[in-house]
Amino acid sequence: MPRRTEIAKLLSEKPIGTEVKVMGWVRSFRARRFLILNDGSCFQNLQVIVDFERFDEALLRKIQFHACVAVQGQLVESQGKDQEVELLAENIELLGACPADEYPLQPKRMTMEFLREHAHFRMRTLTLNAVFRMRHGLAYAIHKYFHDNGFYYLHTPIITANDAEGAGEMFHVTTLDLACVPKTEDGQVDWKQDFFERPTNLTVSGQLEAEIGALALGKVYTFGPTFRAENSNTTRHLAEFWMIEPEMAFYDIHDNQDLAEDFVKYLISFALKHYPDELTFLDQRLRNEEQHLPKDKRRPMGLIEMLEFVLAHDFVRITYTEAIERLRRSKPFKKGRFQFEPQWGADLQAEHERYLVEKEFKKPVIVRDYPQQIKAFYMRQNDDDQTVAAMDVLFPYIGEVIGGSQREERHERLQQRIQAMGIPEKELWWYLELRRFGGCPHSGFGLGFERMVQFITGMGNIRDVIPFPRTPGNAEF
RNA sequence: GCCUCCAUAGCUCAGUUGGUUAGAGCGGCGGACUGUUAAUCCGUAGGUCCCAGGUUCGAGUCCUGGUGGGGGCGCCA
């Protein structure tokens with residue numbers, strides 16, 4: 001009895017004439033003769049030829065959609081045209097039945113909304129299968145890119161007492177009994193009795209801690225879960241998402257932009273090179289989806305074509321001030337099509353970003369030097385005293401994929417900003433000390449992992465590129 | 001948080017100005033078929049029309065409230 005072989009190995013090595021054993025889930029069983037198996041080792045399936053007269057009728061009946069079977073037999077050259085090799089079944093064993101009259105999934109098109117309600121089965125579908133293989137590949141590519149470029153992977157804390165980052169609403173972390181919260185004499189919550197003896201939260205960013213790393217190791221990056229308790233209901237937001245945050249000593253805002261562009265392009269080229277089967281499928285899927293849309297709502301390019309296009313062109317780099325000028329000269333503004341007026345001092349709205357990326361330049365755009373009043377306290381003030389060295393990388397369809405900045409390394413300036421913005425200075429004592437003791441110019445950015453996966457897979461909703469999405473009111477799986 | 005749309009068979013949907021017994025395709029189940037690739041063909045079962053209330057002679061259809069979900073905006077990554 002041969003040992004089990006993974007389908008990926010059979011399809012790449014094609015040991016024709018040998019006796020093999022595979023295990024996998026049934027994708028389809030046509031004419032009681034053609035059994036299509038997938039074992040997750042690759043996106044491709046293996047076709048098994050079943051001579052039904054040689055097998056027990058009761059067994060054949062149980063070979064249903066997504067049932068799990070083990071098949072032993074000889075690998076031969078295929079007579080059909082869509083595969084090179086196939087397996088002639090000599091022995092079939094049912095590992096796990098999947099009664100079709102009760103199983104919610106069906107071998108047909110299902111909506112993403114329906115699949116989300118069956119999240120424990122959904123990655124068995126072709127689309128989610130392709131997405132999560134890609135997600136893995138990109139996670140690997142991220143580590144590889146940074147490792148190959150001399151970065152160190154820094155693990156920043158998930159539980160933090162830092163309340164000053166200002167990146168968003170936070171989830172509280174406590175072991176206190178919520179039904180009976182201990183109070184101090186003046187009626188406040190007595191945090192001294194909590195686990196950490198102070199209020200703590202789930203992190204909204206590892207950036208401030210990454211800066212500690214950068215000022216010792218030179219180039220570091222974080223890659224971990226991040227939490228935002230915002231009541232955001234969009235196709236681009238999650239309450240729990242994964243963020244990549246490189247932080248580099250001696251990098252200014254231009255070095256930062258160079259890195260961001262090179263990094264993102266590396267991820268795209270990695271996907272194109274290593275996941276052609278998945279991308280071809282996702283490309284076709286997107287075409288099929290868009291057939292239901294009116295022509296003007298469809299994407300101008302297919303998925304793969306768009307990825308190649310992004311790789312082939314330099315990202316546009318403009319200042320915020322220039323972006324506002326261009327927006328005010330634009331057709332949609334003159335025709336009153338914008339809901340919000342582009343105005344110096346106000347943040348760019350989603351409609352403005354979309355116009356710049358999809359209409360004006362038709363490629364990714366990096367906007368830098370934003371007004372300081374709309375950006376975070378730690379961003380470095382420019383010499384004009386009005387703007388800060390912030391940058392956002394804007395992509396078609398998903399908008400802001402990266403936000404970053406050169407950090408304010410001058411102690412007095414940073415302290416002034418913290419005071420001006422009313423942030424409790426006491427909590428940031430260690431952050432300020434980084435500027436007093438051996439500080440240096442440094443920069444970094446945050447990339448939303450799921451948004452990148454969304455862009456590369458063409459998925460419209462961010463909930464379909466993370467296995468177990470956390471959104472307001474939803475934590476079932 | 002704001003705005004908006006949707007909820008009919010297991011799934012995707014149709015259902016006319018309110019009218020009698022609620023439909024299709026796919027899937028399921030039963031059968032035929034030994035080279036299929038979304039197989040095909042024949043047959044068959046399957047419904048609390050999301051929930052509660054209201055208008056009406058009569059509600060899947062209209063109104064109010066609720067629940068669940070989608071999309072847009074804001075916040076951001």
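Here is the naming used below: chain letters follow the sequence lines, and residue numbers restart at 1 for every chain.
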Spacing between [X] atom [atom1] and [N] atom [atom2], to the nearest angstrom:
| X | N | atom1 | atom2 | answer |
| --- | --- | --- | --- | --- |
| A:K108 | B:A9 | NZ | C1' | 11 Å |
| A:R236 | B:G71 | CZ | C1' | 11 Å |
| A:F340 | B:C75 | CZ | C1' | 12 Å |
| A:R30 | B:U40 | CZ | C1' | 12 Å |
| A:E289 | B:G70 | CD | P | 15 Å |
| A:H118 | B:G69 | NE2 | C1' | 13 Å |
| A:L348 | B:A77 | CG | P | 14 Å |

[X]/[Y] ion pair, N-O < 4.0 Å:
| X | Y | value |
| --- | --- | --- |
| A:R285 | A:E278 | no |
| A:E77 | A:K14 | no |
| A:E289 | A:R298 | no |

What distance separates [X] [atom1] from [Y] [atom2], expressed to the nearest 0.5 Å?
| X | Y | atom1 | atom2 | value |
| --- | --- | --- | --- | --- |
| A:T127 | A:R109 | OG1 | CZ | 9.5 Å |
| A:H352 | A:F333 | NE2 | CZ | 8.5 Å |
| A:Q79 | A:Q47 | CD | CD | 10.0 Å |

Checklist entry - With a centroid cutoff of 5.5 Å and a plane-angle limit of 30°, would you call A:F241 stacked on B:A77? => result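 It does: the ring sits over the base of B:A77.
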If you take atom types as modelled and just measure distance, does the side chain of [X] reach the base of [N] with a donor-acceptor pair under 3.5 Å?
| X | N | answer |
| --- | --- | --- |
| A:Q106 | B:G10 | yes |
| A:Q79 | B:G35 | yes |
| A:E351 | B:G72 | no |

Side chain of [X]: nearest nucleotide among [options]?
| X | options | result |
| --- | --- | --- |
| A:E86 | B:G71, B:U36, B:A77 | B:U36 |
| A:R32 | B:G1, B:C76, B:C33 | B:C33 |
| A:R109 | B:G35, B:U34, B:U12 | B:U12 |
| A:Q349 | B:C76, B:C11, B:G74 | B:G74 |
| A:S28 | B:A39, B:G35, B:G28 | B:A39 |
| A:A31 | B:A77, B:A39, B:U37 | B:A39 |
| A:D347 | B:G28, B:C76, B:U37 | B:C76 |
| A:R228 | B:G74, B:U37, B:A77 | B:A77 |
| A:E113 | B:G70, B:U34, B:C73 | B:G70 |

Verify the contact: side-chain N or O of [X] to OP1 or OP2 of [N], cut-off strictly under 4.0 Å; return yes or no.
| X | N | answer |
| --- | --- | --- |
| A:S232 | B:C75 | no |
| A:R61 | B:G30 | yes |
| A:R354 | B:C73 | yes |
| A:Q207 | B:C76 | no |
| A:R27 | B:A38 | no |

Please tabulate, one pair per line, all N/O donor-acceptor pairs under 3.5 Å involving side-chain atoms of residues 364-377 of chain A, not counting sequence neighbours.
residue: A:D369; atom: OD1; partner: A:N382; partner atom: ND2; Å: 3.1
residue: A:Y370; atom: OH; partner: A:D392; partner atom: OD2; Å: 3.3
residue: A:K375; atom: NZ; partner: A:D392; partner atom: OD2; Å: 3.4

Considering only atom [atom1], compute the distance from [N] to [M] and round it to an integer number of Å.
| N | M | atom1 | result |
| --- | --- | --- | --- |
| B:G71 | B:G66 | P | 22 Å |
| B:A14 | B:C6 | C1' | 15 Å |
| B:U16 | B:U61 | P | 11 Å |
| B:G15 | B:U67 | C1' | 25 Å |

Next on the checklist: Please give the stem ranges for RNA chain B, sorted by first residue number, where a stem is three or more consecutive Watson-Crick or G-U pairs and both donor-acceptor distances are under 3.5 Å.
Outcome noted: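 So far as stems of 3 or more pairs are concerned, RNA chain B shows B:1-7 with B:67-73, B:10-13 with B:23-26, B:28-32 with B:40-44, B:50-54 with B:62-66.
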Next on the checklist: Between A:N233 and A:N231, do the side chains contain a donor N or O and an acceptor N or O under 3.5 Å apart?
Outcome noted: yes
Checklist entry - In terms of side-chain heavy atoms, does A:T226 have a donor or acceptor partner in A:W242 at a distance below 3.5 Å? => result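 Distance-only check fails for A:T226 and A:W242.
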Next on the checklist: Any residue in residues 447-461 of chain A with a heavy atom nearer than 4.0 angstrom to RNA chain B? Just list them by number, or reply none.
Outcome noted: A:G448, A:R451, A:N461
Remember a base hit wins even if backbone is also touched, and classify [X] as base, sugar-phosphate or nothing at under 4.0 Å, heavy atoms.
| X | result |
| --- | --- |
| A:D82 | base |
| A:T234 | base |
| A:R54 | nothing |
| A:G446 | sugar-phosphate |

Checklist entry - Is A:E408 close to A:M379 at the side-chain level, that is, under 4.5 Å between some pair of heavy atoms? => result no
Next on the checklist: Does the structure place the NZ or CZ of A:R299 under 6.0 Å from the centre of the six-membered ring of A:Y397, at an angle of no more than 45° from the ring's axis?
Outcome noted: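 So A:R299 does make the cation-pi contact.
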Item to check | Option passing ring-ring contact (aromatic ring centres under 6.0 Å, His included) with A:Y221 (candidates A:F263, A:Y152, A:F146, A:F449) | outcome: A:F146
